Amino acid sequence: THVIDPVFLTSIDTWDSMISNSKMKNKNFIAHYILDKNDFTNKVLQKIQKIFNVELVDLSDRANISVEDWLYGIKNCKILIGDSFHATCFALIFGKPFLTIQNKERGNSRISSLLSIVNLENRIIFDLNDINKITEDILNTNYDLTKLKNFKNESINWLVKALEQKKENNNN
């Protein structure tokens, strides 16, 4: 059964509480979380930075970026650029403008599945021309997350039933 990723099951208050412990104070920046950096991802970042002319903040250095700073970076950025499923999830959770770079190494099917639920497949960048198609709309965060909320509720119901069934089976 297809269920929603657990990051969507945690309340926004929990994420905000973690963010309150961040040491970051940056404002007006483009955050990027690129797991598999290469020439293409660098070109995407350069192109977006040139269009919006604001600082790039790298959230990818997991050895030096705390979870609190990572969450702060996503919640407070002007735009999030990433190639990660979870970066895409948090862009939706925080209602941020985002682009997701296709990453053939990991997560493509999860990203496509998630973005198809909210009709945002156009946020996936397959080549540099895709940026031209979306630049005017990138700052629009008027996302209709109704389907995502319904999927969350269906997932919670499935999980509750699965746990109850396991409990009943253990009692027999």
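Treat the numbers as computed from the prediction; the structure is a model and nothing was measured. Heavy atoms only: backbone and side chains are in, while hydrogens, waters and symmetry mates are out.
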**Message:** Assess the residue pair Ile19 and Glu68 against the criterion (side-chain contact (heavy atoms from CB on, under 4.5 Å)); give the C-alpha distance rounded to whole Å, side-chain angles, the decisive distance to 0.1 Å, and a yes or no.
**Reply:** CA-CA 5 Å; Ile19 290 168; Glu68 295 84 359; over 6 Å; no
**Message:** Go through it in stages, so that I can follow the logic: the residues are Lys149 and Asp144, the test is salt bridge (charged side-chain N to carboxylate O under 4.0 Å, His left out), and I'd like the CA-CA distance, side-chain angles, deciding distance and then a yes or no.
**Reply:** CA-CA 10 Å; Lys149 289 176 186 172; Asp144 181 3; over 6 Å; no
**Request:** Could you go through the side-chain contact (heavy atoms from CB on, under 4.5 Å) check for Glu55 and Asn26 one step at a time?
**Result:** CA-CA 9 Å; Glu55 174 189 13; Asn26 303 43; 3.9 Å; yes
**Request:** Show your working on side-chain contact (heavy atoms from CB on, under 4.5 Å) between Phe85 and Asn108 and close with a plain yes or no.
**Result:** CA-CA 8 Å; Phe85 173 74; Asn108 267 347; over 6 Å; no
**Request:** Please report the C-alpha distance between Ile125 and Phe40 in whole Å, then the side-chain angles of each, then the deciding distance to 0.1 Å, and finally whether the side-chain contact (heavy atoms from CB on, under 4.5 Å) criterion is met.
**Result:** CA-CA 10 Å; Ile125 300 301; Phe40 176 66; 3.9 Å; yes
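Pairing each heavy atom of Lys78 with each of Phe52, the nearest pair is CE-CD2, 4.2 Å. Here the shortest heavy-atom pairing between Leu71 and Phe94 reads O-CE1, 3.9 Å. Among all heavy-atom pairs drawn from Ala87 and Leu80, the shortest one is O-CD2, 3.3 Å. Listed here is the closest heavy atom pair of Ile117 and Lys147: O-CD, 3.2 Å. Ile65 and Trp70 get closest at one heavy-atom pair: CG2-N, 3.7 Å. Lys96 and Ile74 make their closest contact through CG-O, 3.2 Å (heavy atoms, listed as atom of the first residue, atom of the second, distance).
Residues meeting the side-chain contact (heavy atoms from CB on, under 4.5 Å) test with Lys161, sequence neighbours left out: none. In this view, Gln49 satisfies the side chain to side chain donor-acceptor pair (under 3.5 Å) rule with no residue, not counting sequence neighbours. The side-chain contact (heavy atoms from CB on, under 4.5 Å) search around Asp36 returns Asp83, Asn103, Glu105, Arg106, not counting sequence neighbours. Under the side-chain contact (heavy atoms from CB on, under 4.5 Å) criterion, Thr14 pairs with Thr10, Ser11, not counting sequence neighbours. With sequence neighbours excluded, the residues that form a side chain to side chain donor-acceptor pair (under 3.5 Å) with Asp61 are Asn64. Partners of Leu159 according to the side-chain contact (heavy atoms from CB on, under 4.5 Å) rule, which considers only residues two or more places apart in sequence or in another chain, are Leu9.
Using a cutoff of 4.0 Å between basic side-chain nitrogens and carboxylate oxygens, Asp58 and Lys37 are scored as salt-bridged.
In this structure, SG in Cys89 is found 5.0 Å from CG in Asp5, a value given to the nearest 0.5 Å. Ser66 OG to Leu59 CG: the interatomic distance, rounded to the nearest 0.5 Å, is 10.0 Å. Taking CG of Asp69 as the reference point, atom CE of Met18 lies at 10.5 Å (rounded to 0.5 Å). Summarising the geometry, atom CG belonging to Leu128 is positioned 9.5 Å from atom CD belonging to Gln46; distances are rounded to the nearest 0.5 Å. To the nearest 0.5 Å, the span separating CG on Leu56 from CD1 on Ile79 amounts to 10.0 Å. Interatomic distance, CD of Gln102 versus OG1 of Thr41, reported as 12.5 Å (0.5 Å rounding).
At a threshold of 4.5 Å between non-hydrogen side-chain atoms, the residues Ile124 and Asp130 do not count as touching. At a threshold of 4.5 Å between non-hydrogen side-chain atoms, the residues Phe98 and Leu92 count as touching. The shortest distance between side-chain heavy atoms of Val118 and Tyr143 does not fall below 4.5 Å. For the pair Leu114 and Arg110, the minimum side-chain heavy-atom distance is 4.5 Å or more. Phe8 is not listed as a side-chain neighbour of Phe151, based on a closest heavy-atom distance of 4.5 Å or more. Counting heavy atoms from C-beta on, the side chains of Ile30 and Cys77 never come closer than 4.5 Å. Residues Val57 and Met24 have side chains in contact (heavy-atom distance under 4.5 Å, counting atoms from C-beta outward). Between Ser112 and Glu121, the closest side-chain pair of non-hydrogen atoms is not below 4.5 Å.
With Thr100 contributing its side chain and Arg123 its backbone, the two residues share no donor-acceptor pair below 3.5 Å. Without hydrogens or angle criteria, Thr88 side chain to Ser84 main chain gives a donor-acceptor distance under 3.5 Å. Checked by atom type and distance alone, the side chain of Ser155 never pairs as donor or acceptor with a backbone atom of Val3 at under 3.5 Å. Distance alone, capped at 3.5 Å, places no donor-acceptor pair between the Asn153 side chain and the Asn150 backbone.
Open room surrounds NZ on Lys50; 12 or fewer heavy atoms of other groups in view lie less than 6.0 Å from it.
When ring centroids are compared, Tyr33 and His86 stay outside the 6.0 Å threshold.
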